[in-house]
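See structure below.
Reminder, nothing fancy here: chain letters follow the sequence lines and each chain counts from 1.
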Protein chains: 2
Amino acid sequence: METPSLPAPKGTRQALILAGIRLFGRQGFTATSVRQLANEADANIAAIAYHFGGKDGLRVACAEEFGRRMGAAMGARPVGPDASPDGARDELRAIIRAMVALLSGAEGASELVPFMLRELAEDGPGIDIVYRGFAEPMHRKLCDLWARATGTEAEDETVKLAVFTLIGQLMYFRIGQSIVSRRMGWADVGPAEIQKITDRIICNLDAMLAAEKGK
Amino acid sequence: METPSLPAPKGTRQALILAGIRLFGRQGFTATSVRQLANEADANIAAIAYHFGGKDGLRVACAEEFGRRMGAAMGARPVGPDASPDGARDELRAIIRAMVALLSGAEGASELVPFMLRELAEDGPGIDIVYRGFAEPMHRKLCDLWARATGTEAEDETVKLAVFTLIGQLMYFRIGQSIVSRRMGWADVGPAEIQKITDRIICNLDAMLAAEKGK
DNA sequence: GTCTATAAACAGATAGAC
DNA sequence: GTCTATCTGTTTATAGAC
């Protein structure tokens, strides 16, 4: 990474990064060979060593590209100007809706999700970039909204934990997808299933907020 | 698997299975070599092919051992005889407490957890056994308790989803441990942290149950 | 059942022509 | 910057002695 801004790579370099995000996400890092990567990118095997110094270098470049795209996607979502508790609650609901759809692969960025989950499961070097570029800012934003919705402090320990339980609900429907689908009798997770998941989590959110206010 | 009951393997065979659960869980399947496995089990490399037909066979045997142990652990926990809503709620709380402690590695079966999570992340062949031997019966039991606590039907779609959101909260504190610890400023997840996580999830459970009753 | 030795395929990295 | 060919090490599996 030369500059921390957005120098989107081109040509072979870019193709290899995309192949990496796709294949590392699908099969994991170790299970993916450099030959597979070169083939997927329509590039030469030696190009990986040339552009990234090796397979590990490509992995880091993939994580950086992930951070770049996720940062762009988050920047695109305007911050709700409504500072009232109800406005904050509505924005929390909207983010839940968007995240369930994103995790379930409904939106375009579907290849980024498996990559991130693999990096998380394998505790790879990309996790730092994923954390700083996506997980931490998103969590911070949710804490801010939660605090505004409940009238508490955003950096309180209990608020942070509450937000993690919210995120956990979202994430598990993706990570444990094979278990969930089997138990629910779902052939796949389509729009109807996404709707049901979203409804349930928003219902939980409302219950949690109500309990918080009742204190 | 010769019989579906509990023929716990002995000697080299058993040692290799334990090594598999440990190393597959720590490093993942592909990243673990048969040499490492044999070394960890103080066995010969050829023993893996002899006893299990190959590395893949060992993986399946590990999953079967996982199912055997988890089944035994679940059978050990007596079913609460209290059929009242409050009794069911108390048992839900107790299970949450036990599962957070288990996932965080406080109890003895800590090696089984990483194995299961790896198998889930890699979508390996062990997932079938994990599902039937652990995930499905546990989810069914929680649905039953939830139904008793709220006065609804255990096999309702909404009940199943509610239970999954509960499980998701637990699971994420393990799967996303590196992210959680970083954001919370935790050096590691000890008894104090387990307590905070448990308190938060039980608080959410109570809020969800209260909202359900208020309908 | 357990071992040594080895086979056969595969990995990632690189030298050097273009 | 891209390619072919190859090097070096490691992988899993197996043959055959004990």
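- Note that A/R59 lies in the cation-pi zone of A/F29, set by a 6.0 Å cut-off to the ring centre and a 45° limit from the axis.
- Comparing C/dT2, D/dT11, C/dG12 against the side chain of B/Y50 picks out C/dT2 as the nearest.
- Protein atom CG of B/L37 is 11 Å distant from nucleotide atom P of D/dT11, rounded to whole Å.
- If you take CZ of A/R13 and P of D/dT2, they are 11 Å apart, rounded to a whole angstrom.
- By the 4.0 Å N-to-carboxylate-O rule, B/K141 lies too far from B/D144 to be salt-bridged with it.
- Phosphate contact (OP1/OP2 of C/dC10, side-chain N/O of A/S33, threshold under 4.0 Å): absent.
- Using a 4.0 Å heavy-atom criterion, one finds that B/T30 contacts no nucleic acid atom at all.
- For A/T12, the listed nucleotide lying nearest its side chain is D/dT2; candidates were C/dG12, D/dT2, C/dT2.
- At C/dG1, none of the side-chain N or O atoms of B/N44 fall inside 4.0 Å of OP1 or OP2 (strictly under the cut-off).
- For the pair A/I48 CD1 and C/dA13 P, the interatomic distance rounds to 9 Å; values are reported in whole Å.
- Taking 3.5 Å as the limit, the base of D/dT12 and the side chain of B/R35 contain a donor-acceptor pair of atoms between them.
- Distance from the side chain of B/A46 is smallest to D/dA15 among D/dG1, D/dC3, D/dA15.
- Atom NZ in A/K55 sits about 15 Å away from atom C1' in D/dG9, given to the nearest Å.
- Taking atom CD1 of residue B/I45 and atom P of nucleotide D/dG16, one finds them 18 Å apart after rounding to whole Å.
- With distances taken from any side-chain atom of A/H51 to the nucleotides C/dT2, D/dT2, C/dG12, the minimum falls on D/dT2.
- When heavy atoms are screened at a 4.0 angstrom cut-off, B/A49 is found touching base atoms of the nucleic acid.
- In this structure, A/H139 contributes its side chain and A/K160 its backbone to a donor-acceptor pair below 3.5 Å.
- Contact check on A/R140 versus A/E155 returns a salt bridge, with a Lys/Arg side-chain nitrogen under 4.0 Å from an Asp/Glu carboxylate oxygen.
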